[in-house]
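Heads up: the structure comes next, in structure tokens.
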There are 2 protein chains.
Amino acid sequence: MIAGDGIEVIEGDCLAAMRALPEESVDLVFADPPYNLQLKGELTRPNNSRVDGVDAEWDRFDSFAAYDAFTRDWLEAARRCLKPDGAIWVIGTYHNIFRLGASLQDAGFWILNDIIWRKTNPMPNFRGKRFCNAHETLIWAARSETARPKFNYDALKSLNEGLQMRSDWLLPVCTGPERLRDDEGRKAHPTQKPEALLHRVLVASTEPGDTVLDPFLGSGTTAAVAKRLGRRCIGIERDPAYAALARARLAEVVRAERAAVAQTEGKRQAPRIPFGQLVERGMLSPGEVLESQCGRHRVKVRADGSVVAAESRGSIHQVGAELQGAPSCNGWLYWHVRIDGRLKPIDVLRQKLRAEMSS
Amino acid sequence: MIAGDGIEVIEGDCLAAMRALPEESVDLVFADPPYNLQLKGELTRPNNSRVDGVDAEWDRFDSFAAYDAFTRDWLEAARRCLKPDGAIWVIGTYHNIFRLGASLQDAGFWILNDIIWRKTNPMPNFRGKRFCNAHETLIWAARSETARPKFNYDALKSLNEGLQMRSDWLLPVCTGPERLRDDEGRKAHPTQKPEALLHRVLVASTEPGDTVLDPFLGSGTTAAVAKRLGRRCIGIERDPAYAALARARLAEVVRAERAAVAQTEGKRQAPRIPFGQLVERGMLSPGEVLESQCGRHRVKVRADGSVVAAESRGSIHQVGAELQGAPSCNGWLYWHVRIDGRLKPIDVLRQKLRAEMSS
DNA sequence: ACCCCAACTGAATCCCAAC
DNA sequence: CGTTGGGATTCAGTTGGGG
């Protein structure tokens, strides 16, 4: 079904194409839907008559209702393709993002964050009647409230030099050599998204080998970045000219080596090591004393990996919590041993063990 | 009807109070309605302290449908009070803003801009499961598509040091001496908005002598800023304790003869550029090699902006320091790339990016 | 008076594998 | 399905006490 490089461009209507895909088969959906609320193009309206001021309210209602129906349909089709723990990203502006977000919630998606793409070089408001419209909004939502979607927290923290990534992203609009142009030098697609934006989205919510579905592929930015980052991608585009544009673009993209797209992994992915293993392996001896950094609390290690204090016994976490009167405690960081005369958290022993076990 | 200073606090239900106001009598509505936060359990910080979340009765709704009905009702009542060329501002987060925006459109309001309040000091995401929710969204909408609402373009331009005001505003959350506290030092209102935010809204959309209506007055920020800026204000607050709080606060506010120049606004600084952005933007590729000037050390770039050496991984600064055995290292100057066959510090890439981003 | 450090806080939809 | 418990997780800024 998917080509050898894991990237496929389907030319056709996104509803039909998505309904032909297997259920629960994709890890992520990224969608940049049209926000043409006048219902030109693919959004057919029942009443094509031109409206004057008197009928303006009806026109508005028809427009919004039709857009909502269109949104409901493609969201439902996309949701069907998503794995249970999958997620969706959508992007839009104030013209459509509020309807899109409400439709997401109504369809059962669970919003995780809204993200602001702040443009470094937005088009100014020429008439001076409004604020310069300098951002677009993305919504990141899980397939359901109970879903547990991927989030590469540590990779994003790395992207932000050690600080937790915020919900406002500063990125330039797509210009210069990245912007695709036709033979006459006109932009080949009106709303081509910058690759940097998709890079951050895909690093955040997928891992190499995952499958991304883009129902409104357009110029193919999603597929291009997916290929560059070693993800698989199914892109759907109705317009033959845009589909051809995307295919030509993708032929030039080099798929990254697997090793190159590795990203910082969190501690949660590391294999769990029970404290008792430190004792079993002789890194700590039964009877040895652990102390808190401040020296206020001390426990003795027992052969079974539990620890005892004067009035308390249990796991390193339980005893640490009880002695501090705290609801919980990470014993790996709380308890220390004296190594070469200096207090070090027992977590360094765990790290050492992990290194030995992986080598 | 309005007191001599043009500021009135009405204690009571906002629907009834607004229906009692004359039609088409106010110039601007500012509304900070309940966000329908839907908080489930409690949340603790890594140090085990408890986050003081908003779980007030007034923020609980049974369903999205109930929230939508509530929204529809107060929007309709507010719209009735607005002059034909009047406008409305609403504020919210992803919990409610999409429903709020869609309801605005359904009610016949015409969205002019969405505005992002970027917080300088947001609460972090403590569990590392999402992006730090670092902004709130405001929507500015005209009473109707044909309305011609006020917009003090030049006043905002001067607030922004001569540059057209953008749709993203950087302002701190309300803390310090501005934050109202009760006798025991606890915050007197859970969601008090900063005056700087209202200052910018009122300077943008009203002129001295205009009447502002706030249906959810809370701690009274809207009325306080209106008074300070010489605007009239009708604030409605259901909770007697909050209404009393607002009245006491307003008694201390000095009505200005002329709008004072804001200090907190418009401060711009060179943006910090995380190393990861060079990768996102394609100036460096995952897998590319950086080397120290002497050639003694080499690292590989990863997709998330971290770098790896044989036995070390982390940020350009961390790995540089570790390989040199130094306490710290400026990775921007230490690491080099080969450009046109010559080694250049990666700082030249940062400078290039900065130049692009400020243009 | 000044500096330093510890404690505290802000509209928050915040864990998950094993049993 | 529910319960248990290991153990992972924070940034900018203010306040107040001690040296």
Side-chain angles (χ1 to χ4, degrees), chain A residues 85 105 109-114 140-142 145-146 148-149 151 153-154 157 160 162-167 266-276 294 305 314-321 326-335 345-347 350, chain B residues 32-56 58-61 64 91-97 117 119-137 170 172-179 181 185-187 189-194 216 218-219:
Chain A
D85 279 339
Q105 292 178 313
F109 288 97
W110 188 249
I111 298 182
L112 301 164
N113 278 113
D114 58 337
W140 173 42
E145 183 176 351
T146 53
R148 288 292 165 255
F151 181 53
Y153 177 78
D154 293 281
K157 201 168 169 177
N160 198 28
L163 283 185
Q164 183 173 89
M165 185 68 82
R166 295 168 43 115
S167 56
K267 286 186 190 170
R268 284 188 176 97
Q269 281 123 293
R272 196 175 79 84
I273 297 200
F275 175 70
C294 54
S315 74
I316 48 173
H317 316 294
Q318 290 170 328
V319 175
S328 72
C329 167
N330 184 340
W332 293 107
L333 302 178
Y334 184 71
W335 296 112
I346 56 177
D347 197 45
R350 178 170 65 160
Chain B
D32 180 11
Y35 287 6
N36 189 20
L37 239 35
Q38 307 171 74
L39 302 180
K40 299 291 194 299
E42 67 171 29
L43 179 65
T44 56
R45 298 185 175 82
N47 64 5
N48 279 327
S49 66
R50 215 171 65 78
V51 173
D52 184 15
V54 176
D55 64 345
W58 49 258
D59 196 42
R60 289 197 280 264
F61 295 84
F64 284 135
I91 181 168
T93 59
Y94 66 84
H95 308 83
N96 71 324
I97 197 65
W117 168 26
K119 302 179 183 183
T120 57
N121 48 351
M123 190 189 298
N125 183 286
F126 294 116
R127 314 306 287 263
K129 304 308 289 185
R130 303 185 179 188
F131 296 94
C132 169
N133 201 359
H135 73 276
E136 298 194 18
T137 301
L170 182 64
V173 301
C174 183
T175 59
E178 187 187 331
R179 187 88 199 205
R181 306 203 167 267
R186 290 171 306 208
K187 53 188 176 191
H189 190 281
T191 68
Q192 184 181 343
K193 296 290 175 290
F216 308 100
S219 61

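Residue numbers begin at 1 in each chain, while the letters A, B, ... track the order of the sequences.
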Exercise for the section: Represent DNA chain D in dot-bracket notation, 5' to 3'. Only Watson-Crick or G-U wobble pairs with both distances under 3.5 Å count; pseudoknot-style crossings use [ ] and interstrand partners use |. Expected result: .|||||....|||||||||

Problem - Set of side-chain contact (heavy atoms from CB on, under 4.5 Å) partners for A:Asp85, sequence neighbours left out - result: A:Ala147, A:Arg148

Exercise for the section: Measure the spacing between NE2 of B:His95 and OH of B:Tyr35 and express it to the nearest 0.5 Å. Expected result: 10.5 Å

Fill in the blank from the handout: With sequence neighbours left out, the residues meeting side-chain hydrogen bond (donor to acceptor under 3.5 Å, both in side chains) with A:Gln105 are B:Arg99

Handout entry: Any residue meeting salt bridge (charged side-chain N to carboxylate O under 4.0 Å, His left out) with B:Asp32, in chain and number order, not counting sequence neighbours
Key = B:Lys193

Exercise for the section: Could you tell me whether B:Thr120 contacts a base, only the sugar-phosphate backbone, or nothing, with contacts defined as non-hydrogen atoms closer than 4.0 Å? Expected result: sugar-phosphate

Atom pairs and distances, donor-acceptor, side-chain atoms in residues 327-335 of chain A, under 3.5 Å, two or more places apart:
residue	atom	partner	partner atom	Å
A:Ser328	OG	B:Asn48	OD1	3.4
A:Asn330	OD1	A:Trp332	N	3.0
A:Trp335	NE1	A:Ile316	O	3.0

Exercise for the section: For A:Glu145, report the nucleic acid contact type (base, sugar-phosphate, nothing); a contact means any heavy atom under 4.0 Å. Expected result: nothing

Handout entry: chain A footprint on DNA chain C, 5' to 3' - any atom under 4.0 Å from a heavy atom
Key = C:dT13 to C:dC16

Problem - Aromatic plane relationship, A:Trp140 with B:Phe131 - under 30° parallel, 30 to 60° tilted, over 60° perpendicular - result: perpendicular

Fill in the blank from the handout: Letter by letter from the 5' end, nucleotides 14-19 of chain D scores (B base, S sugar-phosphate only, - none; protein heavy atoms under 4.0 Å) SS----

Practice task
For D:dG7 and C:dC19, measure between their P atoms and round to the nearest Å.
Solution key: 13 Å

Handout entry: Sequence-distant partners of B:Lys40, salt bridge (charged side-chain N to carboxylate O under 4.0 Å, His left out), two or more places apart
Key = A:Glu145

Practice task
Drop me the distance from B:Cys174's SG to B:Lys119's NZ, to the nearest 0.5 angstrom.
Solution key: 11.0 Å

Completion exercise
Expected label for C:dT13 (glycosidic angle, syn inside 90° of 0, else anti) would be syn

Fill in the blank from the handout: Ordered by number, residues from residues 121-133 of chain B within less than 4.0 Å of DNA chain D (heavy atoms) are B:Asn121, B:Pro122, B:Pro124, B:Asn125, B:Phe126, B:Arg127

Problem - All side-chain hydrogen bond (donor to acceptor under 3.5 Å, both in side chains) counterparts of B:Arg45, not counting sequence neighbours - result: B:Ser49

Practice task
Would you mind classifying the nucleic acid contact of A:Ile316 as base, sugar-phosphate or nothing, using non-hydrogen atoms under 4.0 angstrom?
Solution key: nothing

Completion exercise
Residue set satisfying side-chain hydrogen bond (donor to acceptor under 3.5 Å, both in side chains) with B:Arg50, at least two apart, ordered chain then number -> none

Practice task
Tell me what B:Trp117 touches on the nucleic acid: a base, only sugar-phosphate, or nothing, going by heavy atoms under 4.0 Å.
Solution key: nothing

Exercise for the section: Would you indicate what B:Asp32 reaches in the nucleic acid, counting non-hydrogen atoms under 4.0 angstrom: base, sugar-phosphate, or nothing? Expected result: base

Practice task
Could you tell me whether the phosphate oxygens of D:dG7, OP1 or OP2, come under 4.0 Å of any side-chain nitrogen or oxygen in A:His317?
Solution key: yes

Exercise for the section: Return the set of residues passing salt bridge (charged side-chain N to carboxylate O under 4.0 Å, His left out) with B:Arg130 (not counting sequence neighbours), or none when no residue passes. Expected result: none

